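Some notes on the structure that comes next.
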Amino acid sequence: MASSTVTSSQPNRPPRPNLAFRQLRGQRSPAEFAASIRRAALEIGEQVSCDARYIGRVEAGEIRCPNYAYERVFLHMFPGRTLTDLGFAPRSSVRGRRARETEDAPLTCTPNPANATPETSGACEPYETQNPYDPYHPHDTYEESDVLRRAFMTGGGATVAAASLGPVGLAPDAAAAQRPVRRAGASDAGALEDAVRRIRLLDDRHGADGLYRRAAAPLRAAYALLDAGTTRQTTADRLYSGAGELAISVGWLAHDSGRFDDARSHYAEALATARMTGDPGLEAHAFCNTAFLARDAGRPREAVRAAQAAQRVARPVGSARLMSLLALREAGGWAGLADRVGCEQALARAQALFDRGPSDEDPEWMSFYGEAELEGLEAQCWSTLGDWPRAARHARRAAELQDPHFTRNIALYTAELADDLARGGRPDEAAVAGMRVLDLLEEVQSSRIQTMLAATARVLSPHRRASEVSAFLERHASTPRVV
């Protein structure tokens, strides 16, 4: 697979942040800036797969010089400026003599990545190519991390990021990233699995917003461990499974904090890992989260397709609870399509499967899925269909049933309840529920919940003369948003 970046064959050096490029982004989010780059590309007949991750890599200095397609787009967007003005290194300094000899000619990669040397394995073509791992848009292209690309296509390399235990698990430092390391072992697989558990625990308690950026480094380290290789197949299986689960966890942190482009990219990484290793449980998990993301991003038909794909690959796992959750993901898609019959059928399947009870085959990551989550997801379906009283009943029950450990979910269900009550014509009760959410937001950071509560405040605004509504609106307006 060709990369969209031009890499150096010279000795590695710590990346230097691209402050000029960051300044050009201004007040726009990485996702908004990426969208403007894609639009500019279409204006000149180019096709680039720019997303928030690419913007982050450029701003962090990981991409010292863009490929030729991106160069044309950037120069179109910022006429009169050179790549150097945009904060990039000259192509000749990145590629060395070979670039100077072929500055105006297409560059070629080693035809067989398995035979590439350390110097040529990162050298890539200047134009975008297809991403075979995207399950929905086989002709789209995505920016993949160099570590992930090497792990999938070369089967190992000489230099990888060393992993150490940090606040949330694996955390490579800049110096360690340049040192050759031993092959990965069982202790590395254990550290990776612990990192996944740690991130899930922190998310359950505190929400995603404060965790996402911290979790990116462990994910890079995880894929570096895959690149290091191992001598035991059982350890390799654990590493691939752990890396895929970590990609999903980081994707969820991006998803819950409103970074949908980042989330989609991480879920695609996990799906690629699952298919590469033939892991149906991991593949089902990746499709499950992809369906959830598609629903939240306003792509309900894709949500249905992803949920149905998840159910197909999950059957060999033998977990009724997993199949129940996947049926709920499908129900959410049908609700988004305003297909009440399809939604009700999927909800009935979900309930019947849930009633079979837990089993030893239930995946570890499903610890959050109990009766409260079942009620909460059903509430979301009825809310999408506009049945506010029914949605409120399920949301209230979800909040009452939720284990106190899952603080973030209690806040989510209560926010759902507040919105359903507000839209169902019960403003005073909605304001009381909204107050409870504001109390919980003192220890939970979730853009999803903040966005829901802001929508509820807008619905309640015409009722501000009621004392409880007024108190809620005033407190909500004075509560700072976490950026």
Side-chain angles (χ1 to χ4, degrees), residues 1 113-114 132-133 135 144-158 160-165 168-172 181-201 215 217-252 266-290 309-319 321-323 325-326 359-367:
M1 180 192 305
Y133 302 120
E144 291 184 296
S145 71
D146 293 336
V147 169
L148 179 58
R149 176 174 52 78
R150 287 201 305 272
F152 282 170
M153 300 196 67
T154 70
V160 297
S164 61
L165 286 176
V168 295
L170 300 166
V181 298
R182 57 173 175 77
R183 287 183 176 274
S187 61
D188 299 302
L192 178 51
E193 292 160 354
D194 287 343
V196 174
R197 295 187 188 102
R198 177 87 170 132
I199 288 173
R200 288 174 182 160
L201 176 63
L219 181 59
R220 287 194 296 269
Y223 279 107
L225 286 174
L226 298 186
D227 202 23
T230 183
T231 57
R232 293 178 179 271
Q233 185 60 45
T234 54
T235 301
D237 291 343
R238 288 177 63 193
L239 287 170
Y240 273 93
S241 177
E245 290 293 347
L246 184 57
I248 292 173
S249 292
V250 176
W252 165 248
H266 289 309
Y267 293 160
E269 285 183 345
L271 184 59
T273 304
R275 288 179 168 177
M276 184 65 65
T277 58
D279 185 337
L282 178 60
E283 185 172 358
H285 192 185
F287 270 128
C288 176
N289 279 45
T290 299
Q311 291 170 76
R312 287 194 298 271
V313 300
R315 288 192 184 99
V317 177
S319 167
R321 285 287 169 93
L322 174 58
M323 295 297 289
L325 175 60
L326 298 177
S359 74
D360 292 340
E361 305 305 322
D362 295 341
E364 180 183 349
W365 60 268
M366 289 189 62
S367 60

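All values reported here derive from a predicted model rather than from experimental measurement.
Atoms CG and NE2, on N289 and H285 in that order, are 4.5 Å from each other to the nearest 0.5 Å. The structure places CG of L271 at 8.5 Å from CD1 of I248, a figure rounded to the nearest 0.5 Å.
For S241 (side chain) and D237 (main-chain N/O), no donor-acceptor pair under 3.5 Å exists by modelled atom type.
Residues Y267 and W252 form a side-chain contact, since some pair of their non-hydrogen atoms from C-beta on lies under 4.5 Å apart. In this structure, L282 and T273 have side chains that are in contact, with non-hydrogen atoms separated by less than 4.5 Å. Annotation: side chain of L322 is in contact with side chain of W365 (closest heavy-atom distance under 4.5 Å). Between M323 and R315 the shortest side-chain heavy-atom distance falls below 4.5 Å. D279 has its side chain out of reach of E283: every pair of non-hydrogen atoms, C-beta onward, lies at least 4.5 Å apart.
Pairing each heavy atom of L325 with each of C288, the nearest pair is CD2-SG, 4.0 Å. The nearest pair of heavy atoms linking E361 to S319 is O-CB, 3.7 Å. Considering all non-hydrogen atoms of both residues, A314 and L326 come closest at CB-CD1, 3.7 Å. Across all non-hydrogen atoms, the minimal contact from G318 to S359 is O-OG, 4.1 Å.
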